[in-house]
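Working notes, beginning with the structure itself.
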Amino acid sequence: MVKRAIRVVVVGGGVGGLVSAIELARQGMHVVVLERAARVGGKMRQVHVGGREIDAGPTVMTMRWVFDATWDAAGASLDADLTLRRAHLLARHAWGSHQRLDLFADVDASAAAIADFAGKAEADGYRRFCAYAKDIYDAVREPFLRSQRPSLTSAMAAFGVLGLQGVMKIDGHRLLWNALTDFFKDPRLLQLFGRYATYCGSSPYLAPASLNVVAHVERDGVYLVEGGMYEVAKALVRLAERLGVTVRCGEHVHEIATSGGRVSGVKLGSGEMVHADVVVCNGDPAAMVEGFFGSHVKRSVSVSSPRSLSAMTWTFVAQPEGTYPLVRHNVFFSRDYAKEFRELFDQRVLPAEPTVYVCAQDRDDMGNAPSGPERFLVLVNAPSTGDRHRPLTSEIQQCETAAFSLMDRAGLVFPRFTVPPIVTTPIEFEKMFPATGGALYGPASHGMTSPFHRATSRTKIPGLYLAGGAAHPGAGVPMAALSGRLCAKAVHEDLASTNRLRETVMRGGI
Ligand SMILES: Cc1cc2nc3c(=O)[nH]c(=O)nc-3n(C[C@H](O)[C@H](O)[C@H](O)COP(=O)(O)OP(=O)(O)OC[C@H]3O[C@@H](n4cnc5c(N)ncnc54)[C@H](O)[C@@H]3O)c2cc1C
């Protein structure tokens, strides 16, 4: 008797969805990715302005080992499919017109820059901070990043004889901002290192100190992707297709169907039914809870609150003027950081003066750029209220004026645009990623135990799984990819335990 391959539908072609598709196809399953947008990538996306493609989503690529592992496991080489170069200068930070600080991948180079900027004591604090952040990373890598459902107990068990002492290294028992004050006195450095909480869409004043790990992740390697970040999405699709995955874009999944208590497939907006033994949902789990995938699966997951941050972005082509020496990644800090986060999380309004991130996409890390107009993404944090509150044109304009004036004061001047920028608000993000209000990172990581409350790969419905940045282990491109791997591992384990898998998968499993 010939057994048929397990049929998998992956709903959504974001990073987590594509990685889960790759891992499952590699196990011999028959995988179809159904993506509602015209192109795959999800938040990793490009927009077209003035005849040029501009990255309008992620721009900072870290943790390349996650992608190496995906390519290696598929018997391929990441370097053959993508050209990555490690950045020396991580980012340039500015406060007003004269105060600037560069951070480097090299600790000594950053410590020297900090000593010049804020004195030797702060540079010493920085060195201690680097060792501390690395300790967190070493502590979370196994028990947290690779675990299906991390808990305090499982983390303690993973530390063996170190037990509670090991868990304390994760530093989840105090707030990120408080922990930073152990290392830095200069308010600008507190602001700079506090900003890493926003990489997970969280407030530095409410996130657990464990998120200081992000500073280590960035120092450990920021990569410039030749051709832009969207090349990562394209490379994932190429790898998936080489493994036999079918990718169908422009297919809105209207309903996740069940039969006899387990998942049976999905129904498309066109009415077509696609039958499946396994469905992986790469959409935000909040969409399931809110009924966007039909009533059968509404209670299959629970999502924690509050939502993470959304963003306002401007993508445009321009020839910058002024005295500010642009590099690839630039940050212009607001004058009152605490107020900015009260506005974002308590008042849920656009900040009166937002901190601004600028990605100069044609520059390398040292600031070298080809001549002529350049491509830019400008981003400020915004509340994730895109489903409840439509910011008035005047509010958007006020935010834009504040953001561009802040850059202006720091010496970065954008002259009149010949082609208007594409402005993306939380409303557009909500439209692209339903039930999120525009939140870009799933639930915020606020509170000491928040990392343990994220949705995990498994749902309450047999055969229905989650992959993506809103699920464990968290948001960001590499974390969404890790979630895709964890999801595939859960599918494999569950199918193997019900004995359906053994005769159909390739040897080696995951
Ligand atoms: C502006 C911006 C800047 C960012 N900067 C960085 C950065 O510098 N570095 C970094 O690491 N991360 C960054 N991130 C975060 C990172 O992009 C995300 O965490 C990651 O890409 C999320 O991947 P995902 O797997 O959750 O899928 P998503 O990107 O959320 O994609 C989900 C997909 O599912 C599809 N879908 C949803 N519902 C349906 C349905 N019913 N039918 C069919 N398809 C459906 C959607 O269309 C979408 O394509 C940024 C994000 C944004 C928006």
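Atoms within each ligand, like the ligands themselves, are counted from 1 in listed order.
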Worksheet item: Of the listed options (Ala480, Ala471, Cys487), which comes nearest to atom 23 (O) of ligand 1 when hydrogens are ignored and any heavy atom counts?
Response: Ala480

Item to complete: Return yes or no for this condition: an N or O of Met44 is under 3.5 Å from an N or O of ligand 1.
Response: no

Worksheet, complete the sentence: The complete set of side-chain hydrogen bond (donor to acceptor under 3.5 Å, both in side chains) pairs with one or both residues in residues 283-311, sequence neighbours excluded, reads Arg307-Asp387

Worksheet item: Pro478 heavy atoms, cut-off 4.0 Å: which ligand 1 atoms fall inside?
Response: 11 (O)

Worksheet item: Does some non-hydrogen atom of Glu251 fall short of 4.0 Å from ligand 1?
Response: yes

Discussion item. Does this structure show an ion pair linking Asp220 with Arg64, if we count only N-O contacts that are shorter than 4.0 Å?
Written reply: no

Worksheet item: Got a salt bridge between Arg86 and Asp365, using NZ or NE/NH1/NH2 to carboxylate O under 4.0 Å?
Response: no

Item to complete: Have a look at ligand 1 and work out which part of Tyr199, if any, has a heavy atom under 4.0 Å from it: side chain, backbone, both or neither.
Response: neither

Fill in: Close-contact set for ligand 1 against Gly14 heavy atoms, below 4.0 Å
25 (O), 27 (O), 31 (O), 33 (C)

Fill in: For Gly476, the ligand 1 atoms whose distance to one of its heavy atoms is below 4.0 Å
10 (C), 11 (O), 12 (N), 19 (O)

Worksheet item: How about Leu34 and Val32: do any of their side-chain heavy atoms sit closer than 4.5 Å?
Response: yes

Worksheet item: Closest non-hydrogen protein atom to atom 40 (C) of ligand 1, residue and atom name please, with distance?
Response: Arg36 CD, 3.6 Å

Worksheet item: Tell me: protein heavy atom nearest atom 8 (O) of ligand 1, and distance?
Response: Val60 N, 2.9 Å

Discussion item. Taking the ring of His446 and the ring of Phe345, is the distance between their centroids below 6.0 Å?
Written reply: yes

Worksheet item: Can you say whether the rings of Tyr137 and His216 are parallel (under 30°), tilted (30 to 60°) or perpendicular (over 60°)?
Response: tilted

Worksheet item: Of all the non-hydrogen atoms in the protein, which one sits nearest to atom 10 (C) of ligand 1, and at what distance?
Response: Val477 N, 3.5 Å

Fill in: Sub-4.0 Å heavy-atom contact, Ser483 with ligand 1
no

Fill in: Donor-acceptor contact present, side-chain Arg7 to main-chain His30, <3.5 Å
no

Fill in: Interfacing atoms of ligand 1 (cut-off 4.0 Å, heavy-atom, Leu34)
43 (C), 44 (N)

Worksheet entry | Protein contact to atom 13 (C) of ligand 1 [nearest heavy atom, distance to 0.1 Å] | Pro58 CB, 3.4 Å

Discussion item. Between ligand 1 and Gly57, can you find any atom pair, the residue atom being a heavy atom, that is separated by under 4.0 Å?
Written reply: yes

Item to complete: Please write down residue, atom name and distance for the protein heavy atom closest to atom 34 (O) of ligand 1.
Response: Gly12 CA, 3.2 Å

Response to the item:
atom 30 (O) of ligand 1: of Met61, Arg45, Lys43, His252, the nearest heavy atom sits on Lys43

Discussion item. Give the atom numbers and elements of ligand 1 that come within less than 4.0 Å of a heavy atom of Gly42.
Written reply: 29 (O), 31 (O), 48 (C), 49 (O)

Discussion item. Are the side chains of Val278 and Ile6 in contact, using a 4.5 Å heavy-atom criterion?
Written reply: yes

Discussion item. Among all protein heavy atoms in this structure, tell me which lies nearest to atom 26 (O) of ligand 1, with the distance rounded to 0.1 Å.
Written reply: Gly469 N, 2.7 Å

Item to complete: For atom 49 (O) of ligand 1, grab the closest protein heavy atom and report residue, atom and distance to one decimal in Å.
Response: Glu35 OE1, 2.5 Å

Item to complete: Please collect all ring-ring contact (aromatic ring centres under 6.0 Å, His included) contacts where either partner lies in residues 464-487, sequence neighbours excluded, each pair once.
Response: Phe144-His472

Discussion item. Is it the case that the ring center of Phe376 lies less than 6.0 angstrom away from the ring center of Trp314?
Written reply: no

Discussion item. Taking 4.0 angstrom as the limit and counting only heavy atoms of Val11, give me the atoms of ligand 1 inside it, by number and element.
Written reply: 40 (C), 42 (N), 43 (C)

Worksheet entry | Electrostatic pair Arg248-Glu272, nearest N-O below 4.0 angstrom | yes

Worksheet item: Is any side-chain N of the basic residue among Glu241 and Arg238 closer than 4.0 Å to the acidic one's carboxylate O?
Response: no

Worksheet item: Looking at atom 25 (O) of ligand 1, what's its closest protein heavy atom, distance included?
Response: Gly16 N, 2.7 Å

Worksheet item: Ala56 near ligand 1, heavy-atom distance under 4.0 Å?
Response: yes

Worksheet item: Looking at Arg363 and Glu374, does any basic side-chain N land under 4.0 Å from a carboxylate oxygen?
Response: yes

Worksheet item: Do Tyr199 and Tyr441 make the cut of ring centroids closer than 6.0 angstrom?
Response: no

Worksheet item: With a 4.0 Å heavy-atom cut-off (strictly under), which part of Thr62 contacts ligand 1: side chain, backbone, both or neither?
Response: neither

